[in-house]
Amino acid sequence: MDEVNIPVTPETSHEVYTDTSEPPGKSDKESAEVSYTPSPEVSPEASNSVKNENKLPFPEKYTINNEEDVDKLITHEYPLSELVDFFGMDEFSDGGFYYIPYYSKGIITPDTVNEKFPIECTRERDNGYYTVYKVKEGGNYFVFWSEFREYIEGGKKEYSDYYGVGGTDYIYSIKNINDFSSLQPGISTYNDVIDIDPSTELIETGAEGSYSISLLDDNNVLVIWYSAWVKKGKGNEVIIRFMRIHEKTHGYLEDIYDFDLVFD
């Protein structure tokens, strides 16, 4: 495969890389050039991009505040190691967004989290909720809440809906597209992406394999598709297939408010 790496400059910032392979859903006649695209070619199920009009309210005992800065709301900072040990990110040594494996750890509810790390700053977005913690080493640690349904056995089928931790991420800087200029489709790997942006979110889809999302400082995201399914863990050499810049839609990282992504 022949790849052409176009240097990133202000004039070419929306035409970053060219890859001769075809992206999912494209005909052979359509170009696979990586470019600025206003609507991501990812499924709503994968990106969590469908606005949830009927989402479950967050427990009332926790205040939702979408206005005030984290410095006004948060009174405690925690070492990154303590947060990582509790939520389980240390199971993967390559960094990146971490989906909580509720099937092996059990569902971690807001009350369970609050006992260990008092919840002081929770935001609401169209899609759901996330909680912010300040990290002593710098940056913010984000806990994203997902809805769960538990069936109760009895005289009839009953169920209880509640929130549990769906994923976490530690973000201490937002990257510029120029930071990714060394990546080359067909050559560079997922590990190379993580080396540049440790907070990258990895998403797996059904037939189309894996892709990742990196936040950019121009309020866009860099979406990278891979040649095969990416297995989280150290030493992952799955090769990049192609890359595109998209506007933010809805998803875990994309739903974070901009004022929660301002770092010293």
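For clarity, every value in this text was computed on a predicted model and none was experimentally measured.
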Task: Spacing of Asp195 atom CG and Leu183 atom CG [to the nearest 0.5 Å] - done: 9.5 Å
Open item on the list: On a heavy-atom basis, which atom in Thr112 and which in Phe86 lie closest, and how many Å separate them?
Closed with: O-CZ, 4.1 Å
Open item on the list: Test of understanding: with side-chain contact (heavy atoms from CB on, under 4.5 Å), list the residues that count as partners of Ser173, not counting sequence neighbours.
Closed with: Lys175
TODO: Starting at CZ of Phe87, measure out to CD of Glu82 and round the result to the nearest 0.5 Å.
DONE: 11.5 Å
Listing, residues 130-138 side-chain donor-acceptor contacts under 3.5 Å, not counting sequence neighbours, or none:
| unit_1 | atom_1 | unit_2 | atom_2 | d |
| --- | --- | --- | --- | --- |
| Tyr130 | OH | Tyr257 | N | 2.9 |
| Tyr130 | OH | Asp260 | OD2 | 2.6 |
| Thr131 | OG1 | Thr122 | OG1 | 2.9 |
| Thr131 | OG1 | Trp145 | NE1 | 2.9 |
| Tyr133 | OH | Phe117 | O | 2.8 |
| Lys134 | NZ | Asp71 | OD1 | 3.1 |
| Glu137 | OE1 | Leu80 | N | 3.1 |
| Glu137 | OE2 | Leu80 | N | 3.4 |

Task: From Ser210 atom OG to Ile224 atom CD1, the distance as rounded to the nearest 0.5 Å - done: 12.5 Å
Open item on the list: Under a 3.5 Å threshold, yes or no: a donor from one side chain and an acceptor from the other, between Glu120 and Thr75?
Closed with: yes
Open item on the list: Run the side chain to side chain contact (heavy atoms under 4.5 Å, CB included) test on Ile177 and Ile245 for me, step by step, so that the C-alpha distance in whole Å, both residues' side-chain angles and the decisive distance to 0.1 Å come before the verdict.
Closed with: CA-CA 9 Å; Ile177 188 61; Ile245 299 172; 4.0 Å; yes
Open item on the list: Does any part of the side chain of Tyr170, heavy atoms only, come nearer than 4.5 Å to the side chain of Val84, both counted from C-beta?
Closed with: no
- [ ] Kindly indicate whether the side chain of Phe144, heavy atoms from C-beta on, has any atom under 4.5 Å from the side chain of Ile256.
- [x] yes
Task: Separation between CD1 of Ile213 and CD of Glu201, rounded to the nearest 0.5 Å - done: 5.0 Å
Task: No-hydrogen, no-angle side-chain donor-acceptor test under 3.5 Å, Asp111 and Tyr62 - done: yes
TODO: Examine Phe180 and Ile239 and state if one hydrophobic cluster contains both, with Ile, Leu, Val, Met, Phe, Trp and Tyr joined whenever side-chain heavy atoms are less than 4.5 Å apart.
DONE: no
Open item on the list: Under a plain distance cut-off of 3.5 Å, with no hydrogens placed, do Thr168 and Tyr141 share a side-chain donor-acceptor pair?
Closed with: yes
TODO: Work out which heavy atom in Leu73 is nearest to a heavy atom in Cys121; give both atom names and the distance.
DONE: CD1-SG, 3.8 Å
- [ ] Starting at CG of Asp179, measure out to CG of Asn176 and round the result to the nearest 0.5 Å.
- [x] 5.5 Å
Task: Ser188 OG to Ile196 CD1 distance, which is reported to the nearest 0.5 Å - done: 7.5 Å
Task: Test item: Glu254 side-chain N/O and Thr249 main-chain N/O as donor-acceptor pair under 3.5 Å - done: yes
Task: Within 45° cone of Tyr129 ring axis and under 6.0 Å: Lys55 NZ or CZ - done: yes
- [ ] Kindly work out whether a path of hydrophobic side-chain contacts (I/L/V/M/F/W/Y, heavy atoms less than 4.5 Å apart) joins Leu215 to Phe263.
- [x] yes
Task: Shortest non-hydrogen contact from Ile171 toward Leu261 - done: CD1-CD2, 4.1 Å
- [ ] Step by step, work out the side chain to side chain contact (heavy atoms under 4.5 Å, CB included) result for Tyr162 and Ile107.
- [x] CA-CA 10 Å; Tyr162 58 96; Ile107 297 172; 3.3 Å; yes
Open item on the list: Looking at Arg123, is its backbone amide N or carbonyl O close enough to the side chain of Asn66 to form a donor-acceptor pair, meaning the two atoms are under 3.5 Å apart?
Closed with: no
Task: Polar contact flag, side-chain donor to acceptor under 3.5 angstrom, Tyr226-Ser212 - done: yes
Task: For the student: nearest non-hydrogen atoms of Pro110 and Tyr163, plus distance - done: CD-O, 3.1 Å
- [ ] Take Thr189 and Ile240 through the test side chain to side chain contact (heavy atoms under 4.5 Å, CB included) and record every step on the way to the result.
- [x] CA-CA 5 Å; Thr189 67; Ile240 294 172; 5.9 Å; no
Open item on the list: Side chains of Asp197 and Thr200: any donor to acceptor distance under 3.5 Å?
Closed with: yes
- [ ] Give the minimum heavy-atom separation between Val238 and Ser227, together with the two atoms involved.
- [x] CG1-OG, 3.9 Å
TODO: Decide whether Val262 and Leu253 are clustered together by the hydrophobic rule: side chain heavy atoms of Ile, Leu, Val, Met, Phe, Trp, Tyr closer than 4.5 Å, transitively.
DONE: no
Task: Results of side-chain hydrogen bond (donor to acceptor under 3.5 Å, both in side chains) for Tyr78 - residues two or more places apart only - done: none
TODO: Take Asn219 and Lys248, measure what side-chain hydrogen bond (donor to acceptor under 3.5 Å, both in side chains) needs, and give me the verdict at the end.
DONE: CA-CA 7 Å; Asn219 207 36; Lys248 287 183 179 179; 3.1 Å; yes
